[in-house]
Amino acid sequence: MDFYSKANMKISVIGTGYVGLSTATVFAELGNDVLAADIDKEKIDGLNKGVMPIFEPGLKELVVRNVKEKRLRFTHDNKEVIDHGEIIFICVGTPPKVTGETELKYVEAVAKDIAENISSYKVIVHKSTVPVETGEKVKKIIEENVKTNVDFDVVSNPEFLREGTAIEDTMEPDRIVIGTDSKKAEDIMRRLYATIKGTMLVTDIRSAEMIKHASNAFLATKISFINAIANICELSGADVEKVAEGMGYDKRIVKSFLNAGIGYGGFCFPKDVQAFIKISEQYGYDFKLLKATHDINQKQKKIFVEKIKNKLKDITGKKIGILGLAFKPNTDDMRFAPSVYIIKELQKENAKIKAYDPEAMERAKLILNDVEFCNDPYEAAKDADVLLILTEWNEFKELDFKKIKSLLKNPLIIDGRNIYNPENMKKEGFSYISIGRKDEV
Ligand code: NAD
């Protein structure tokens, strides 16, 4: 394909999680020579054998093809990866500390590694989500630890991919943000991204870092906003699905992220909202709106647990069937998944949990105890006093409801994602409770 000849750059990627692996694979697919590294030896050994460390639609085929065509390789040797690329992407994790601030030790460790091993000009790009001023910190760490007199530039290129559509999002992003104060680095980044469609915005490093946090904070706020509306709908007898639809036709608002439910989870919104509150505090700004976003999100899970308790009265010894564990569909990611909080709360009162998720059960087994993991939705429903919907996987939208009804001890479904039509559920003979709609049909 002729676009392969356009890029053809040497790229290094450090960290092969959701972001690093997607980035490495897509740049390889676009014709670049990519070497990706991770300190997790098991991950790298697996990748070298074609075993994916994560579930992401379309990823495996692309990895296997690019490895076969020798555009993509994996190593656990950070020296080798630092030597390889003209551009080095830092894609390591930035988890939250207990205080909510961003843990930067993985980014800092990579910066030190780069300082110790750099021997020619490199563009060092941080893709991980980091507080504003991290680019300057990375630069300082490298300057203080560098062994040879060598030139380099630091660029912020925040990642906006969504798990579940990571490949698509990386291939065709809405926008590409490049934060740099170096014309040379900007030109190199422009050359790399020339093969990718998407509006490019070049800014200073701090603005690029802020764009990522501001975007995630805005989206999380949109989710909390519609969840607050759902709560008012329940009190007033309105239907949040209709309200969201009516709001969404407004071009200034749009429908996306107006899905009422049990709140946001995953590795981005919960930690990034908390981190942004802390960052704002450090600059002397009390970001009350974002605090409310976080509080509403926390409460939304509690409200759901209350719905279950109100309906079942005593949940001691009750069997609770659960469909969906991942924080959203099309991923196996369990990090900050609302299902974890909900299951633990129900277990506190000795409920017996049976659960099914199409992709996330292996990861869920590492986090949850005393859960009976099932082979399909029907096994999860069998003999259960209630069936909960916690993730809106497509396969749950097309169940055989007659079969589900015959398997359940009570024909009761409590839906945390509003995936069913209440009238249809009534026709199927279920008692159906959802979010922000008429309390029960
Ligand atoms: P992840 O935990 O899936 O992957 C991080 C990887 O970095 C791990 O495999 C880990 O072993 C590796 N690593 C840690 N230290 C290392 C080191 N010193 N050398 C080499 N490898 C090292 O994380 P992720 O979900 O890919 O997220 C990475 C960053 O991107 C985070 O800052 C996150 O906030 C941001 N981000 C994530 C998403 C998402 O949807 N997951 C989207 C946009 C941005």
Side-chain angles (χ1 to χ4, degrees), residues 7 9 11-15 18-20 22-24 26-27 32 82 85-94 101-104 106-108 110-111 114-115 118 121-144 146 151-162 169-170 172-219 268-269 271-273 275-276 278-280 282-283 285 287:
M9 295 170 81
I11 309 297
S12 295
V13 176
I14 304 184
Y18 292 87
V19 168
S22 305
T23 302
V26 165
F27 281 127
N32 299 288
I82 290 159
E86 177 178 5
I87 302 175
I88 302 173
F89 282 100
I90 305 176
C91 302
V92 298
T94 48
E101 282 153 284
T102 307
E103 176 58 85
L104 281 174
Y106 304 105
V107 172
E108 288 164 3
V110 171
I114 293 175
I118 188 171
Y121 174 79
K122 306 279 177 189
V123 180
I124 298 151
V125 184
H126 65 84
K127 243 192 188 312
S128 302
T129 304
V130 291
V132 62
E133 289 191 55
T134 301
E136 284 140 88
K137 263 190 203 152
V138 166
K139 191 171 179 193
K140 194 157 173 264
I141 291 172
I142 300 176
E143 279 167 354
E144 283 172 0
V146 73
D151 194 17
F152 69 93
D153 281 306
V154 171
V155 168
S156 166
N157 172 215
E159 181 53 62
F160 300 99
L161 67 76
R162 296 158 299 173
D169 292 346
T170 311
E172 286 190 35
D174 289 343
R175 78 295 212 190
I176 300 153
V177 174
I178 305 290
T180 182
D181 50 14
S182 152
K183 182 75 181 84
K184 182 176 175 181
E186 180 188 328
D187 289 346
I188 291 171
M189 294 303 285
R190 281 189 185 279
R191 187 148 59 89
L192 176 67
Y193 274 106
T195 49
I196 293 188
K197 275 193 228 150
T199 305
M200 181 176 279
L201 175 68
V202 178
T203 70
D204 58 285
I205 298 180
R206 288 187 188 192
S207 300
E209 291 165 334
M210 186 73 88
I211 286 168
K212 174 65 191 175
H213 268 299
S215 301
N216 276 4
F218 188 81
L219 292 172
C268 291
F269 292 167
K271 81 172 170 63
D272 294 348
V273 164
F276 205 22
K278 287 284 168 188
I279 293 164
S280 310
Q282 280 155 13
Y283 287 104
Y285 182 72
F287 205 153

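Each residue takes its place number in the sequence, starting with 1. Side-chain atoms are counted along with the backbone in the values below, which use heavy atoms only and exclude waters and symmetry mates.
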Under 3.5 Å, side chain of Glu86 to main-chain N/O of Ile11, donor-acceptor pair present? no
For Leu192 and Arg190, run side chain to side chain contact (heavy atoms under 4.5 Å, CB included): C-alpha distance rounded to whole Å, both residues' side-chain angles, the deciding distance at 0.1 Å, then the answer. CA-CA 5 Å; Leu192 176 67; Arg190 281 189 185 279; over 6 Å; no
All heavy atoms of Val146 vs all of Glu143, minimum pair found to be CG1-O, 3.7 Å
Which atom of Pro158 lies closest to which atom of Ala208, heavy atoms considered: CG-O, 3.5 Å
Would the distance check show the side chain of Asn32 and the main-chain N or O of Met9 forming a donor-acceptor pair, the cut-off being under 3.5 Å? yes
Please tell me if the side chains of Phe160 and Asp169 come closer than 4.5 Å, counting only heavy atoms from C-beta onward. no
Identify, with sequence neighbours excluded, every residue that meets ring-ring contact (aromatic ring centres under 6.0 Å, His included) alongside Phe276. His213, Phe287
Residues Val154 and Gly135: closest non-hydrogen pair is CG1-O, 3.7 Å
With rounding to the nearest 0.5 angstrom, report the CD1 to CE distance, Ile205 to Met210. 14.0 Å
Sequence neighbours left out, what passes side chain to side chain donor-acceptor pair (under 3.5 Å) with Glu159? Give chain and number order. Lys127
Exam field: side chain Ser12 to backbone Ile88, donor-acceptor pair closer than 3.5 Å: no
Exercise answer: donor-acceptor pairs, residues 172-179 side-chain atoms, under 3.5 Å, sequence neighbours excluded:
residue, atom, partner, partner atom, Å
Arg175, NH2, Ser215, OG, 3.1

With rounding to the nearest 0.5 angstrom, report the CD1 to OH distance, Ile188 to Tyr121. 4.5 Å
From Asn216 CG over to Ile211 CD1, what is the distance, rounded to the nearest 0.5 angstrom? 12.5 Å
Got a second to check how far Ile114's CD1 is from Ile90's CD1, nearest 0.5 Å? 4.0 Å
Would you call Lys137 and Glu133 a salt bridge, using N to O less than 4.0 angstrom? no
Who pairs with Lys140 by salt bridge (charged side-chain N to carboxylate O under 4.0 Å, His left out), at least two apart in sequence or on another chain? Glu144
Report yes if the side chains of Val123 and Met189 come closer than 4.5 Å at any heavy-atom pair, otherwise no. yes
Please determine whether side chain to side chain contact (heavy atoms under 4.5 Å, CB included) holds for the pair Ile279 and Tyr285, giving the CA-CA distance in whole Å, both sets of side-chain angles, and the decisive distance to 0.1 Å. CA-CA 9 Å; Ile279 293 164; Tyr285 182 72; over 6 Å; no
Please lay out, stage by stage, how Val155 and Ile124 fare under the test side chain to side chain contact (heavy atoms under 4.5 Å, CB included). CA-CA 6 Å; Val155 168; Ile124 298 151; over 6 Å; no
Measuring only between side-chain heavy atoms, which start at C-beta, is Ile14 closer than 4.5 Å to Ile82? yes
Are any non-hydrogen side-chain atoms of Pro131 and Leu104 less than 4.5 angstrom apart? yes
For the backbone of Thr102 and the side chain of Lys278, can you confirm whether one donor and one acceptor N or O come within less than 3.5 Å of each other? no
Under the side chain to side chain donor-acceptor pair (under 3.5 Å) test, which residues partner Ser207, sequence neighbours left out? Asp204
If every non-hydrogen atom of Ser128 is compared with every non-hydrogen atom of Val92, which pair is closest and at what distance? OG-O, 2.6 Å
Could you check Lys271 against Thr129 for side chain to side chain contact (heavy atoms under 4.5 Å, CB included), going step by step and ending with a plain yes or no? CA-CA 10 Å; Lys271 81 172 170 63; Thr129 304; 4.2 Å; yes
Does the side chain of Val13 come within less than 4.5 Å of Phe27's, by heavy atoms? no
Atom CD1 of Ile142 and atom CZ of Phe152: how far apart are they, to the nearest 0.5 Å? 4.5 Å
OG1 (Thr134) and NE2 (His126) are apart, to the nearest 0.5 Å, by 6.0 Å
Asp187 with Arg191: basic N within carboxylate O range, under 4.0 Å: no
Mind checking side chain to side chain donor-acceptor pair (under 3.5 Å) for Asp181 and listing every partner two or more places apart, or none if nothing turns up? none
